[in-house]
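In what follows, residues are counted from 1 in the order of the sequence shown.
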Amino acid sequence: MPADSAVITKPSPTVRSRITNGSSCFLGKVDGRSALARRQRDLQHAYAEDLGNDLTAAQRVRVAQVAALTVRAEMLQAAIANGEPVVDEDLVRVSNALRRELADLGLKGSRASAAPVEPDADGPGARILALLRRDREDSSNEA
């Protein structure tokens, strides 16, 4: 085996994926013209800009994941606003995953000086808050 065979060279743009070339944000045959695809692409660009645009490959993957989670959270919030049934745990899980990913990327998503806001007593936020409090109480009772 030649000594230089271990050298990794950058492949030609014609043999790289559309994501690697930057001509698409989605793998596969996704029509990027839908409102959700445009929103996700806009979020990817915004998060990349917040991070300085000079991202590593791993950061680009995480930015894409954060954008997808953000779109999913927005979809769940829109369903709630439209009065559609939503499993509260789904919104909590997506929101928690999004918060963790944002923190891991160094994007906090909220200002430390912002005062906490209590949700309306009969709104969906109150249901989520009640679930979180119940889970916290259950876990403290188990310990």
Separation between OH of Y47 and OG1 of T70, rounded to the nearest 0.5 Å: 3.0 Å

Which pair of non-hydrogen atoms, one from V86 and one from A79, has the smallest distance, and what is that distance? CG2-CB, 3.5 Å

Measure the CD-CG distance between Q77 and N82 for me, rounded to the nearest 0.5 Å. 12.0 Å

Please determine whether residues L43 and L36 belong to a single hydrophobic cluster, defined as Ile, Leu, Val, Met, Phe, Trp and Tyr linked transitively by side-chain heavy-atom distances below 4.5 Å. yes

May I ask you to check whether over 12 heavy atoms, not counting those of R93, lie within 6.0 Å of atom CZ? no

CD-CG distance between Q65 and L102, expressed to the nearest 0.5 angstrom: 11.0 Å

Can you tell me how far the CG atom of L69 sits from the CZ atom of R100, to the nearest 0.5 Å? 9.5 Å

Same cluster (ILVMFWY, side-chain, under 4.5 Å), L98 and L107: yes

In short, N53 meets H45 closest at the heavy-atom pair OD1-O, 4.5 Å

When every non-hydrogen atom of A67 is compared with those of Q40, the smallest separation belongs to CB-O, 3.7 Å

Go through V63 and R60 one step at a time and tell me if the side chain to side chain contact (heavy atoms under 4.5 Å, CB included) criterion holds. CA-CA 5 Å; V63 163; R60 283 193 302 273; 5.6 Å; no

If I compare all heavy atoms of A73 with all of L91, which pair ends up nearest, and what's the gap? O-CD1, 4.1 Å

Mind listing the closest non-hydrogen atom pair of Q59 and D54 along with its distance? OE1-O, 4.2 Å

Quick one: pull up OG in S34 and CZ in R38 and give me the separation to the nearest 0.5 Å. 7.0 Å

